[in-house]
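Read the structure below first, then the notes.
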Amino acid sequence: MTDTRRMPVIFSGHGSPMLALEHNDVTETLRKVGEEFFDKYGKPKAILAISAHWYTDGTFVQSRETPKQVYDMYGFPKELYEVKYPVKGYRDLTKEVERLLGNAVSVNDGWGIDHGTWTVLVHLFPKADIPVVQLSVNGRLSADESAELGRALIPLRDAGYLIFGSGNVVHNLRRVEWDNEGGSPACERFNRYITEAVLSGDSEKVLNYGNHPDASYAVPTPDHYLPLCYCLGAAGGDKARAFNNVCSLGAIAMTGYVFGD
């Protein structure tokens, strides 16, 4: 039975699509976060997923009864393309998003559940028994405007829906260091700066991330960072705790946050 308390908001780093097949400290932590969620809140009606990989010119939401699983990555092992996460959509959630956002959102079923979503959820909620609706990341919006849109979605939390964002605090594929299991100094500095800001409730630092000297390195494009801004807005000032606060491949931060837990 769905818990009637306000649902938290979860943001997770997703890194490489190979996350779906991995069994390590990061995936074990995701599993534990999911188990703790069920223990405290029960099963949500559905998940509104905001993935860096549905980065669009405008704001769109899905409405399909059975959204397709999108394998939006190339050159990986065959086993990755065989991973199935067969979730249903949830039309009631789509309607609520339309009601809350009004003319700012349109239905678009040309996409699906992409790897920014399913590579994390396969560990977080492995049974794939919670409906998922994706909301696109609007490339026209600034960090502040993304947070403002997130704030408009707060009523979803009181209605039994989980808002889930997937991206990376640091994501620079051009600076990946394949032989580095940790982060570069710039990666570590920026991740630490943003994480300290999130945990202290300093939303101004998070939204004005460009003021940090390592910002151009950490966020060369905004697609993977903006899901955090949506989540920050949807958190409505609720305190956060961090999980998977680690960097990998030199230029990727896997850090995630649970807001309002």
Side-chain angles (χ1 to χ4, degrees), residues 6-16 19 22 24-41 44 47 49-52 116-117 119-125 143 146-147 150-151 154 157 162-172 180-209 211-212 214-215 217-219 222 224-261:
R6 171 173 280 191
M7 288 282 168
V9 175
I10 298 176
F11 170 83
S12 177
H14 63 249
S16 167
L19 179 72
E22 292 173 347
N24 52 30
D25 290 345
V26 168
T27 61
E28 176 64 12
T29 297
L30 286 172
R31 184 188 65 80
K32 288 180 179 178
V33 169
E35 289 180 351
E36 291 170 358
F37 178 93
F38 269 102
D39 288 344
K40 293 180 181 179
Y41 300 96
I47 298 169
I50 305 166
S51 166
T117 295
T119 63
V120 178
L121 293 186
V122 74
H123 298 291
L124 199 63
F125 303 121
S146 298
R151 281 190 287 273
I154 290 175
R157 299 173 58 196
L162 170 64
I163 297 173
F164 164 72
S166 177
N168 295 97
V169 172
V170 180
H171 184 269
N172 190 337
N180 187 352
E181 293 183 0
S184 69
C187 182
E188 296 283 358
R189 282 193 301 266
F190 188 83
N191 181 62
R192 183 167 55 251
Y193 173 81
I194 295 300
T195 296
E196 289 175 354
V198 169
L199 299 186
S200 67
D202 192 342
S203 60
E204 290 302 311
K205 281 187 177 179
V206 181
L207 298 177
N208 295 308
Y209 66 91
N211 292 334
H212 191 276
D214 295 310
Y217 170 95
V219 189
H224 278 69
Y225 190 85
L226 289 180
L228 171 58
C229 301
Y230 281 77
C231 289
L232 189 69
D238 287 349
K239 291 184 178 180
R241 63 180 174 89
F243 63 92
N244 283 335
N245 189 7
V246 294
C247 298
S248 65
L249 299 178
I252 303 291
M254 294 301 295
T255 312
Y257 312 103
V258 182
F259 297 88
D261 187 14

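Fair warning: this is a prediction, and the values are worked out from it, not measured in the lab. All residue numbers in this chain count up from 1 along the given sequence. The analysis underlying the following values was restricted to heavy atoms, covering all of them including side chains, and did not include hydrogens, waters or symmetry mates.
With hydrogens and angles ignored, the 3.5 Å screen pairs no side-chain donor or acceptor of Thr195 with any backbone N or O of Arg192. Between the side chain of Asn245 and the backbone N or O of Thr255 there is no donor-acceptor pair closer than 3.5 Å. The backbone N or O of Gly116 sits less than 3.5 Å from a side-chain atom of Ser166, completing a donor-acceptor pair. The closest donor-acceptor contact from the side chain of His123 to the backbone of Val26 lies at 3.5 Å or more, if one exists at all. Between the side chain of Asn191 and the backbone N or O of Cys187, no donor-acceptor pair lies under 3.5 Å.
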Stepwise side-chain contact (heavy atoms from CB on, under 4.5 Å) test for Val198 and Phe259: CA-CA 9 Å; Val198 169; Phe259 297 88; 3.8 Å; yes
Step by step, would you call Val219 with Phe190 a side-chain contact (heavy atoms from CB on, under 4.5 Å)? CA-CA 10 Å; Val219 189; Phe190 188 83; 3.9 Å; yes
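Rounding to the nearest 0.5 angstrom, the gap separating the OG atom in Ser184 from the CG atom in Leu249 is 11.0 Å. In this structure, Lys32 NZ and Asn244 CG are separated by 10.5 Å, a value rounded to the nearest 0.5 Å.
Applying the ring pair (Phe, Tyr, Trp, His ring centres under 6.0 Å) test to Tyr257 and every residue at least two apart in sequence or in another chain returns nothing. Taking Phe37 as the reference, Tyr41, Phe125 meet the ring pair (Phe, Tyr, Trp, His ring centres under 6.0 Å) condition, with sequence neighbours excluded. Taking the salt bridge (Lys or Arg N to Asp or Glu O under 4.0 Å) definition, one finds that Arg31 meets it with Glu28, Glu35, sequence neighbours left out. Glu196 is linked by a salt bridge (Lys or Arg N to Asp or Glu O under 4.0 Å) to nothing, counting only residues two or more places apart in sequence or in another chain. Evaluation of the ring pair (Phe, Tyr, Trp, His ring centres under 6.0 Å) rule for Tyr217 yields no partner, not counting sequence neighbours. Taking the salt bridge (Lys or Arg N to Asp or Glu O under 4.0 Å) definition, one finds that Asp238 meets it with Arg157, sequence neighbours left out.
For the residue pair Ile252 and Gly15, the shortest heavy atom distance occurs at CG2-CA, 4.0 Å. Minimum heavy-atom separation, Gly167 to Phe11: N-CE1, 3.6 Å.
The neighbour count for Asp202 CG, taken as heavy atoms of other residues, nucleotides or ligands under 6.0 Å away, is above 12.
For the pair Thr117 and Ile47, the minimum side-chain heavy-atom distance is 4.5 Å or more. Counting only heavy atoms from C-beta outward, the side chains of Tyr209 and Pro222 approach each other to under 4.5 Å.
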